[in-house]
Amino acid sequence: MTDAAALPGQPRGGVLTGPATARAVNVLAPNASAMTLDGTNTWIVSEPGSELAVVIDPGPLDEGHLDNVVGTVEKAGKRVALTLLTHGHPDHAEGAARFAELTRTRVRALDPALRLGDEGLGAGDVIAVGGLELRVVPTPGHTADSLCFHLPADRAVLTGDTILGRGTTVVAHPDGRLGDYLDSLRRLRSLTVDDGVHTVLPGHGPVLEDAQGAVEFYLAHRAHRLAQVETAVEDGHHTPAQVVAHVYADVDRSLWPAAELSVRAQLDYLREHGLI
């Protein structure tokens, strides 16, 4: 058995559902798959002693899960005051409108199509609810509308799909762009260096105890994959499907369609920089 401390980001072992930090509690959605890992992490964040909570990524449109999230908040003696989205993929956002009905809350997101209410989210925004402070960190790349939320009091960052608790994420071409994603990873690295962030609360998978290690692993992984794709093209593998079969030969074939999205983003990046 591999020691979790030796893995990228030092993933926390044990049950995924439940308290993760002093201010963050996870409710795991029952939508496990090869792409969603154990399922979507729906995060409840609140200041200790406050009656108000913020829910990040209600997850899929699953009545049992949404009821479980509401029940978890109520059992803690709180009520949901606001719903936030890291991005618009269905496994994170499909249940948002129904959740807003159940809790009578607004939904704030970067994409206007996902909002319920007048307020969106953008760079520099600070969300203050019941003494809780969340800072919005734009992190496009996985998707154009991807955001992370910095939780300074817990020295943590909620990353959606930008950084996962296990494995690596997809750059979802054409909406996602590799150049943007690399910039976003560097932005997160600055949080670990300049702001002391050490905990990653991901959209899927376990909590990571070494945020800087996770970011450095992601940057190194992307550089390695990019070099592999460049070499594959030089060796005559020109279509995305050919590159996937060559570069991702050791990856489960069920994941190849997702890998092709990342390869398309990598090919675009190499062309834009005159490398192929």
Side-chain angles (χ1 to χ4, degrees), residues 16-29 39-62 65-89 91-112 114-139 145-163 191 195 197 199-204 207:
L16 296 179
T17 291
T21 68
R23 293 165 180 80
V25 175
N26 181 34
V27 180
L28 183 64
T40 300
N41 293 335
T42 294
W43 288 103
I44 302 166
V45 289
S46 61
E47 193 65 19
S50 172
E51 296 180 356
L52 303 178
V54 175
V55 168
I56 298 172
D57 289 352
L61 184 54
D62 181 295
H65 173 62
L66 300 180
D67 287 343
N68 191 18
V69 176
V70 173
T72 300
V73 173
E74 292 177 345
K75 286 176 185 175
K78 303 176 185 289
R79 67 176 177 84
V80 180
L82 181 63
T83 303
L84 305 176
L85 298 177
T86 61
H87 65 296
H89 279 168
D91 56 314
H92 293 258
E94 186 184 36
R98 175 58 179 154
F99 188 73
E101 290 179 359
L102 293 172
T103 58
R104 298 182 181 179
T105 58
R106 296 165 295 146
V107 176
R108 295 181 63 179
L110 179 61
D111 185 349
L114 299 171
R115 301 172 190 167
L116 291 175
D118 297 329
E119 291 185 283
L121 293 170
D125 285 352
V126 177
I127 297 158
V129 174
L132 178 78
E133 179 183 296
L134 288 168
R135 300 175 185 173
V136 177
V137 183
T139 49
D145 69 329
S146 287
L147 299 170
C148 292
F149 299 100
H150 178 199
L151 180 55
D154 283 348
R155 297 171 63 192
V157 61
L158 297 108
T159 55
D161 281 356
T162 299
I163 292 179
L191 285 182
D195 296 276
V197 166
T199 302
V200 172
L201 306 175
H204 303 278
V207 171

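- Ion pairing between a basic and an acidic side chain is recognised when a charged N comes within 4.0 Å of a carboxylate O; R79 and E51 show no such pairing.
- Of the inter-residue distances, the one linking R135 atom CZ with L151 atom CG reads 10.0 Å to the nearest 0.5 angstrom.
- Closest non-hydrogen pair, G131 versus E47, comes out as O-OE1, 3.6 Å.
- Rounded to the nearest 0.5 Å, atoms OG (S46) and CG (L52) are 9.0 Å apart.
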Report the C-alpha separation of T105 and L82 in whole Å, then their side-chain angles, then the decisive distance to 0.1 Å, and conclude whether the side chain to side chain contact (heavy atoms under 4.5 Å, CB included) test is met.
CA-CA 5 Å; T105 58; L82 181 63; 5.6 Å; no
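- Across all non-hydrogen atoms, the minimal contact from T159 to P202 is OG1-CA, 3.4 Å.
- The closest side-chain heavy-atom distance from L147 to L84 is not below 4.5 Å.
- Here E94 contributes atom CD and L114 contributes atom CG; the two are 12.0 Å apart, rounded to the nearest 0.5 Å.
- Checking T42, N41, T86 one by one against D57, the side chain to side chain donor-acceptor pair (under 3.5 Å) holds for a single residue, T86.
- C148 SG to L191 CG: the interatomic distance, rounded to the nearest 0.5 Å, is 8.5 Å.
- Side-chain contact between F149 and V157 is absent, with no heavy-atom pair separated by less than 4.5 Å.
- The shortest side-chain heavy-atom distance between I56 and V45 falls under the 4.5 Å cut-off.
- You'll find the side chain of L16 reaches within 4.5 Å of the side chain of N26, heavy atoms only.
- For A97 against L116, the heavy-atom pair with the smallest separation is CA-CD1, 3.8 Å.
- Side-chain contact check for T83 versus R106: every heavy-atom pair is 4.5 Å or farther apart.
- Taking every heavy atom of both residues into account, K78 and G49 meet most closely at NZ-N, 4.2 Å.
- Ring geometry, H92 versus H87: the interplanar angle falls from 30° to 60°, so the pair is classed tilted.
- Looking at T17, its side chain does come within 3.5 Å of a backbone N or O of L28 through a donor-acceptor pair.
- Side-chain contact, H150 with D195: no donor N or O sits under 3.5 Å from an acceptor N or O.
- A distance-only check finds no donor-acceptor pair linking the side chain of R115 to the backbone of R108 [under 3.5 Å].
- Here the closest heavy-atom approach between residue D125 and residue G120 is recorded as OD2-O, 4.1 Å.
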*asked:* Apply side chain to side chain contact (heavy atoms under 4.5 Å, CB included) to residues V27 and W43 and explain how you reach the verdict.
replied: CA-CA 6 Å; V27 180; W43 288 103; over 6 Å; no
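- In this structure, P152 and E133 have side chains that are in contact, with non-hydrogen atoms separated by less than 4.5 Å.
- A donor-acceptor pair is defined here as one N or O able to donate and one able to accept, closer than 3.5 Å; no such pair exists between the side chain of D62 and the backbone of A29.
- One distance of note links CD of E119 with CD1 of I127; it measures 9.0 Å at 0.5 Å rounding.
- Using a 4.5 Å heavy-atom threshold, the side chains of R155 and T21 count as separate.
- The closest side-chain heavy-atom distance from L66 to L102 is below 4.5 Å.
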* To do: Would you sort out whether H204 and D91 count as a side chain to side chain contact (heavy atoms under 4.5 Å, CB included), showing the intermediate values?
  => CA-CA 10 Å; H204 303 278; D91 56 314; 3.0 Å; yes
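- The two residues A53 and I44 have their closest heavy-atom pair at CB-CG2, 4.0 Å.
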Give the intermediate values and the outcome of side chain to side chain contact (heavy atoms under 4.5 Å, CB included) for residues V129 and L134.
-> CA-CA 9 Å; V129 174; L134 288 168; over 6 Å; no
